[in-house]
S.K.: 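Could you have a look at this structure, given as structure tokens, before my questions?
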Amino acid sequence: MITEKIFGKKNPVIGVVHLLPLPTSARWGGNLKAVMERAEQEATALAAGGVDGIIIENFFDAPFTKDNVDPATISAMTLIVDRIMNLVMLPIGLNVLRNDAKAGLAIASCVGASFIRVNVYTGVMATDQGFIEGKAHEIQKYRRELGEDIAIFADVLVKHASPLGKIDLTTAVKDTIERGLADAVILSGWATGLPPYKEDLELAQTVTNGTPVLIGSGATPENIADLMTFADGVIVSSSLKRHGKIDETIDPTRVSQFMEAMQTPLIINNNPKNI
């Protein structure tokens with residue numbers, strides 16, 4: 001399983017570093033050093049709290065471009081990710097929002113990051129940036145051209161978006177894996193901070209044939225044991241921040257509490273009765 005290869009365990013917790021606005025974004029503050037320092041502090045807090053990996057996102061660049069980000073965004077993220085990789089000894093991934101997977105692969109290739117997240121990998125989604133088309137072929141081709149073993153974690157029916165026409169979750173998951181060749185799939189709630197339905201996680205597990213299913217949003221110490229019954233890992237951000245607020249910084253104590261709560265599902269999933 002790709003998660004074991006990258007993180008050294010079956011059920012990784014991947015903490016998120018939300019970067020402050022970067023150059024050319026609507027809320028850019030003009031001080032890249034301040035962006036770097038906050039990113040370093042958050043990465044250190046996540047590592048101190050015991051997460052298994054970190055994913056770095058240009059989260060506060062909203063409103064996002066739907067595909068190709070500005071070269072300044074790529075340059076800034078490359079500098080920041082490289083500094084974080086020299087600061088913490090954890091697998092690092094990238095999500096270049098809203099959907100610039102090629103930029104994510106390029107940065108990962110240059111700095112030696114392990115994985116990227118792609119919000120719309122297959123199909124077509126209606127989003128607040130307009131219609132976004134999945135480009136699995138281009139992404140796979142570019143990864144091959146780079147010659148790098150960078151894992152692709154792909155959202156299925158991503159949050160803050162709606163599919164065009166009727167599509168069922170089973171078909172979407174199977175297409176993402178079998179036709180898109182994603183290394184892992186991510187299920188989220190409909191918006192930031194909302195968890196996926198447990199029934200959706202269970203359904204996804206029945207059709208993935210061993211491809212990891214990750215929780216992409218809404219995980220908390222209170223619900224993680226239940227959600228992990230049918231998941232292989234979790235990407236978590238809001239609940240690890242001070243007071244649980246998305247615009248706050250990472251709280252090491254909340255990270256530790258979340259990691260403690262993760263022990264219950266690990267015991268459940270390793271129970272011979274559940275294998």
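In what follows, residues are counted from 1 in the order of the sequence shown. What you see below is based on every heavy atom in this structure, not just the backbone, and it leaves out hydrogens, waters and symmetry mates.
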S.K.: Are there over 12 heavy-atom neighbours, none belonging to Arg242, within less than 6.0 Å of that residue's CZ?
M.R.: yes
S.K.: Does Glu57 use its side chain to pair, donor to acceptor, with the backbone of Asn95 at less than 3.5 Å?
M.R.: no
S.K.: Is Gln205 reaching over with its side chain to a backbone N or O of Phe230, donor-acceptor style, under 3.5 angstrom?
M.R.: yes
S.K.: Taking the side chain as every heavy atom from C-beta outward, state whether Leu20 and Arg27 have any pair of such atoms under 4.5 Å apart.
M.R.: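 No. Closest side-chain heavy atoms not under 4.5 Å.
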S.K.: Starting from the C-alpha separation in whole Å, work towards a yes-or-no answer on side chain to side chain contact (heavy atoms under 4.5 Å, CB included) for Ile186 and Tyr121.
M.R.: CA-CA 11 Å; Ile186 303 169; Tyr121 184 61; over 6 Å; no
S.K.: Calculate, to the nearest 0.5 Å, the distance between atoms CG and CG belonging to Asp232 and Leu214 respectively.
M.R.: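 If we round to the nearest 0.5 Å, Asp232:CG and Leu214:CG are 7.0 Å apart.
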S.K.: If every non-hydrogen atom of Ala43 is compared with every non-hydrogen atom of Val88, which pair is closest and at what distance?
M.R.: O-CG1, 3.9 Å
S.K.: Same cluster or not: are Met36 and Val96 linked, directly or through other Ile, Leu, Val, Met, Phe, Trp or Tyr residues, by side-chain heavy atoms under 4.5 angstrom apart?
M.R.: yes
S.K.: For the atom pair CD1 (Ile152) and CD1 (Ile139), what is the distance rounded to the nearest 0.5 Å?
M.R.: 6.0 Å
S.K.: Looking only at atom types and distance, does a side-chain atom of Asp61 sit under 3.5 Å from a main-chain N or O of Ser25, one as donor and one as acceptor?
M.R.: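 Side chain of Asp61 to backbone of Ser25, a donor-acceptor pair under 3.5 Å: no, none is there.
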S.K.: Please test Leu105 against Glu148 for side chain to side chain contact (heavy atoms under 4.5 Å, CB included), starting from the C-alpha separation and ending with a verdict.
M.R.: CA-CA 9 Å; Leu105 284 172; Glu148 299 289 348; over 6 Å; no
S.K.: If the plane angle is over 60° it's perpendicular, under 30° parallel, otherwise tilted; pick one for His18 and Phe59.
M.R.: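 Rings of His18 and Phe59: parallel, as their planes differ by under 30°.
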S.K.: Would you say the side-chain atoms of Ser217 pair up with the backbone N or O of Gly189, donor to acceptor, closer than 3.5 Å?
M.R.: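 The answer is yes, because a donor-acceptor pair under 3.5 Å joins these two groups.
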S.K.: Less than 4.0 Å between a side-chain N and a carboxylate O, is that true for Asp183 and Arg143?
M.R.: yes
S.K.: How far apart are the C-alpha atoms of Ile224 and Ile215, what are their side-chain angles, what is the distance that settles it, and do they pass the side chain to side chain contact (heavy atoms under 4.5 Å, CB included) test?
M.R.: CA-CA 9 Å; Ile224 189 59; Ile215 299 161; 4.1 Å; yes
S.K.: Between the side chain of Asp226 and the main-chain N/O of Asn223, is any donor-acceptor distance below 3.5 Å?
M.R.: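 Flag not set: sc Asp226 to bb Asn223 has no pair under 3.5 Å.
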S.K.: Between Arg254 (side chain) and Ser239 (backbone), is there a donor-acceptor pair under 3.5 Å?
M.R.: yes
S.K.: Rounded to the nearest 0.5 Å, how far apart are CD1 of Ile132 and OG1 of Thr127?
M.R.: 3.5 Å
S.K.: Minimum heavy-atom separation for Ser237 and Ile246, please, with both atom names.
M.R.: OG-CD1, 4.4 Å
S.K.: At what distance, to the nearest 0.5 angstrom, does CG of Leu227 lie from CD of Glu202?
M.R.: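 Reported value, rounded in 0.5 Å steps: 12.5 Å.
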S.K.: Kindly work out whether a path of hydrophobic side-chain contacts (I/L/V/M/F/W/Y, heavy atoms less than 4.5 Å apart) joins Val16 to Phe258.
M.R.: no
S.K.: Between Glu42 and Arg38, is the salt bridge (charged side-chain N to carboxylate O under 4.0 Å, His left out) condition met? List the steps.
M.R.: CA-CA 6 Å; Glu42 296 209 333; Arg38 171 158 162 161; 3.6 Å; yes
S.K.: Is there a path of hydrophobic side-chain contacts, each under 4.5 Å between heavy atoms of I, L, V, M, F, W or Y residues, that connects Phe153 with Met1?
M.R.: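 Each belongs to a different hydrophobic cluster.
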S.K.: Check whether any side-chain N or O of Glu248 sits under 3.5 Å from a backbone N or O of Gly244 as a donor-acceptor pair, and report yes or no.
M.R.: no
S.K.: Measure across Ile6 and Pro91 and return the closest heavy-atom pair with its distance rounded to 0.1 Å.
M.R.: O-CG, 3.3 Å
S.K.: Write down the atom of Phe64, the atom of Ala62, and the distance for their closest heavy-atom approach.
M.R.: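 That would be CE2-N, 3.4 Å.
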S.K.: If you look at every heavy atom in Ala231 and Asn11, which pair is closest and at what distance?
M.R.: O-ND2, 3.8 Å
S.K.: Tell me if a side-chain donor or acceptor on Lys66 pairs with a main-chain N or O of Arg98 at a distance below 3.5 Å.
M.R.: no
S.K.: Ile92 and side-chain contact (heavy atoms from CB on, under 4.5 Å): which partner among Ile54, Val111, Ile55?
M.R.: Ile54
S.K.: Using modelled atom types and a 3.5 Å cut-off, is there a donor and acceptor pairing between side-chain atoms of Thr122 and backbone atoms of Gly134?
M.R.: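 Not a single qualifying donor-acceptor pair exists.
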S.K.: Same hydrophobic cluster for Phe115 and Val118, using side-chain heavy-atom links shorter than 4.5 Å among ILVMFWY?
M.R.: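 Phe115 and Val118: separate clusters.
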S.K.: How long is the straight-line distance from NE2 of His243 back to CG of Asp251, given to the nearest 0.5 Å?
M.R.: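 NE2 of His243 is found 8.0 Å from CG of Asp251.
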S.K.: Do Asp128 and Pro63 come close enough that some side-chain heavy atom pair is under 4.5 Å?
M.R.: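 Result no, sub-4.5 Å side-chain heavy-atom pair not found.
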S.K.: Before accepting this row, confirm whether a basic side-chain N of the pair Lys141/Glu145 lies closer than 4.0 Å to the acidic partner's carboxylate O.
M.R.: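 Counted as a salt bridge, because a side-chain N and a carboxylate O are separated by less than 4.0 Å.
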S.K.: For residues 67-79, dump all side-chain donor-acceptor pairs below 3.5 Å to protein atoms at least two apart in sequence or in another chain.
M.R.:
unit_1 : atom_1 : unit_2 : atom_2 : d
Asp70  : OD2    : Ala72  : N      : 2.9
Ser75  : OG     : Pro71  : O      : 3.1
Thr78  : OG1    : Ile74  : O      : 2.7

S.K.: Looking at OG1 of Thr211 and CD of Glu178, how far apart are the two atoms once the value is rounded to the nearest 0.5 Å?
M.R.: 8.5 Å
S.K.: Please confirm whether the backbone N or O of Leu181 pairs with a side-chain atom of Gln140, one donor and one acceptor, at under 3.5 Å?
M.R.: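 Answer holds: yes.
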S.K.: Do Asn99 and Glu133 get their side chains close enough for a donor-acceptor pair, meaning under 3.5 Å?
M.R.: no
S.K.: Check each of Leu203, Val207, Leu201 against Leu169 using the side-chain contact (heavy atoms from CB on, under 4.5 Å) test, and report the only one that passes.
M.R.: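 The passing option is Leu203.
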S.K.: Before giving the answer on side chain to side chain contact (heavy atoms under 4.5 Å, CB included), spell out for Phe7 and Ile14 the whole-Å C-alpha distance, their side-chain angles and the decisive distance to 0.1 Å.
M.R.: CA-CA 9 Å; Phe7 305 102; Ile14 305 168; 3.6 Å; yes
S.K.: Answer yes if Val213 and Met262 sit in the same cluster of Ile, Leu, Val, Met, Phe, Trp and Tyr residues linked by side chain heavy atoms under 4.5 Å apart, and no otherwise.
M.R.: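 Linked, Val213 and Met262 end up in one cluster.
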S.K.: Can you give me the closest heavy-atom contact between Val255 and Gly50, atom names plus distance?
M.R.: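 For Val255 versus Gly50, the nearest heavy atoms are CG1-N, 4.3 Å.
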